[in-house]
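Keep in mind the model is a prediction, meaning the values are calculated, not measured. In what follows, residues are counted from 1 in the order of the sequence shown. Keep in mind that the numbers below use all heavy atoms, side chains included, and drop hydrogens, waters and symmetry copies.
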Amino acid sequence: MKHKIIVTGGCGYIGSHTVVELIENNYEVVILDDLSNSSEETLGRIEKITKVKPTFINIDLKNVAETLQVFNKHKDAKAVINFAALKAVGESVQKPLMYYKNNLYSLLNTLSAQLENGINGFIFSSSATVYGTPETLPITEENETQRPFSAYGNTKKIAEEILDDFIKSNNAFSAISLRYFNPIGAHESGLIGELPSGIPNNLMPYITQTAVGIREKLMVYGNDYPTKDGTPIRDYIHVVDLAKAHVLAVERIIKKEQDQPLEVFNLGTGNGFSVLDVINSFEEVSNLKLNYEITDRRSGDVPQLYAATDLAKEKLGWTANKSLNEMISSSWKWEQKLRNNK
Ligand code: NAD
Ligand code: WQD
């Protein structure tokens, strides 16, 4: 029997890759998305890859009544994977209320609708941003969380706290919070990938958009950090590796394998790469010279973030497999296909 999984934000970047992995692992998927940062076209692309068109419901999860109605119809679902959120760090500093409303109302409505319908499994998209500026590296799940710099980041920290309280009040419920490091890359088909709206905030789409000529040049935010080449270090992780971890997390919940009702796992490779490493790797993979310039630091950036990955390996049986060059070449393939409209 196929297990049904509700995927909120399933038309988005990480959601769409996870939907593909779920379908390929024989799950039935129901996507809930308001398409505020994605396109319905993604559904056809998922179908092209998997030969299955997932059920799609266009819904804004901030709407209490509609959320409840949809969950009533799908009360046979085994778990929810909650990707739905706004994620632009800079915008969240300008419009904090919009971020708190969107990310937290939709979380609260989803949990309430699950409670009402006895859907007791939940997987949350958290972020390494909850670690703030870590004092020790690599970052383990035991590292203290800190109030993140941005309102966006704070929605993740608050969401984890909400989950913790909710779990303590309901012993039938189980949840896994996955703290992603820096997801990049795209599906090998080149059919799905990241679709930033407007000017990208993140490094990888900025690089590929510069290389295709949409952006004039990449600004590298600072080369005076205490790192090997002065640019910040991050743990870039291939989105397909990330997607596979969600399937393992779903399995762990369904098979009731959890050690505690709320578990937290870092999802990274454990390897740190600097901004200049990423640029060099892009130039190698694409055979192009990237137009870039060193400029001032961006406020809120931390010098170094990379994950300890032992817990996810031990408990989920998951490790990231793909190299930095594979991540970057898949991002590049996606960008080129997107621009050639193939
Ligand atoms: P994305 O913007 O591509 O996907 C999010 C999806 O949620 C979009 O399709 C959007 O339309 C939908 N959505 C937003 N608000 C909604 C609402 N109120 N109702 C219904 N749908 C709504 O983002 P992504 O990169 O795929 O990120 C997925 C999740 O992972 C987010 O929660 C994000 O905060 C988290 N995350 C992302 C990163 C990253 O770098 N991409 C890193 C850490 C955590
Ligand atoms: C990576 C490095 C920049 C753009 C953000 C969020 C985090 C998570 C992932 C959601 C940094 C440098 C970037 C540019 C640059 N998202 N950079 N020029 O900041 O590590 O994490 O995305 O949860 O919460 O904060 O990722 O890709 O923006 O930056 O030099 O135009 O690239 O300074 O060192 P970041 P990023």
Are Val247 and Ile254 joined in one hydrophobic group, where the rule is that I, L, V, M, F, W and Y side chains link up if heavy atoms are under 4.5 Å apart? yes
So Tyr13 and His17, would you call those rings parallel, tilted or perpendicular, with 30° and 60° as cut-offs? perpendicular
Atom pair OG1/CZ of Thr309 and Phe181 - distance to nearest 0.5 Å: 9.5 Å
Quick one: which of Arg252, Arg179, Lys313 gives a side-chain contact (heavy atoms from CB on, under 4.5 Å) with Phe265? Arg252
Please examine the side chains of Tyr221 and Thr231, heavy atoms only from C-beta on, and report whether any two atoms are closer than 4.5 Å. no
Minimum side-chain heavy-atom gap Val20-Ile192 below 4.5 Å: yes
Name of the residue among Val19, Ile31, Val29 meeting side-chain contact (heavy atoms from CB on, under 4.5 Å) with Phe56: Ile31
Above 12 or not: heavy atoms from other molecules or residues under 6.0 Å from NZ of Lys244? no
Where do Tyr27 and His246 land on the ring-ring contact (aromatic ring centres under 6.0 Å, His included) test, with the steps shown first? CA-CA 12 Å; Tyr27 288 94; His246 291 74; over 10 Å; no
Nearest-0.5 Å distance, CD1 of residue Ile233 to CG of residue Leu305: 10.5 Å
Can you confirm whether more than 12 heavy atoms, excluding those of Tyr105, are under 6.0 Å from its OH atom? no
Are Asp310 and Glu314 side-chain neighbours, meaning at least one heavy-atom pair lies under 4.5 Å? no
Any salt bridge between Glu160 and Lys156, counting N to O under 4.0 Å? no
Answer yes or no: is there a side-chain heavy-atom contact under 4.5 Å between Arg339 and Ile214? yes
I'd like to know if Glu194 and Lys87 make a salt bridge, using a cut-off of under 4.0 Å between side-chain N and carboxylate O. yes
By the salt bridge (Lys or Arg N to Asp or Glu O under 4.0 Å) test, which pairs, at least two apart or in different chains, include something from residues 3-20? Lys4-Asp76
Exercise: identify the closest heavy-atom pair between Leu43 and Pro54: CD2-CG, 4.2 Å
From Glu251 CD over to His3 NE2, what is the distance, rounded to the nearest 0.5 angstrom? 9.0 Å
Where Asn266 and Ile139 come nearest, the two heavy atoms and their spacing: ND2-O, 2.8 Å
First locate atom CG of Leu111, then atom CD of Glu116, and finally report the distance between them rounded to the nearest 0.5 Å. 13.0 Å
Between Phe149 and Ser299, is a side chain to side chain contact (heavy atoms under 4.5 Å, CB included) present by the stated rule, with each step listed? CA-CA 9 Å; Phe149 157 78; Ser299 62; 3.9 Å; yes
Count the heavy atoms of every other residue, nucleotide or ligand shown that sit under 6.0 Å from CG of Asn171, and state whether that count exceeds 12. no
Quick one: are Tyr236 and Met204 in side-chain contact, heavy atoms under 4.5 Å? no
Count the heavy atoms belonging to other residues, nucleotides or ligands that lie under 6.0 Å from NZ of Lys2, then report whether that count exceeds 12. yes
Within this structure, what is the CG-CG distance for the pair Leu242 and Asn182, rounded to the nearest 0.5 Å? 10.5 Å
Closest non-hydrogen atom pair between Leu104 and Thr155, with its separation: CD2-O, 3.7 Å
Do the side chains of Val302 and Arg234 get nearer than 4.5 Å, heavy atoms only? yes
With a 6.0 Å cut-off (strictly less than), is the heavy-atom count around NZ of Lys217, excluding the residue itself, greater than 12? yes
Are the side chains of Ser330 and Lys322 in contact, using a 4.5 Å heavy-atom criterion? no
So which atom in Asn321 and which in Glu326 form the shortest heavy-atom distance, rounded to 0.1 Å? O-OE1, 4.2 Å
Apply the side-chain contact (heavy atoms from CB on, under 4.5 Å) test between Pro183 and each candidate in Leu267, Asn202, Val240, Ile14; give the one that qualifies. Ile14
Hey, is CD on Glu188 packed in by over 12 heavy atoms from elsewhere, all under 6.0 Å? no
Just say parallel, tilted or perpendicular for the rings of Tyr99 and Tyr152, cut-offs at 30° and 60°. perpendicular
Hey, mind stepping through Asn325 and Ser323 against side-chain hydrogen bond (donor to acceptor under 3.5 Å, both in side chains) and telling me if it holds? CA-CA 5 Å; Asn325 275 11; Ser323 67; 5.9 Å; no
Determine whether Lys53 and Ile46 make a side-chain contact, defined as any pair of heavy atoms from C-beta on separated by less than 4.5 Å. no
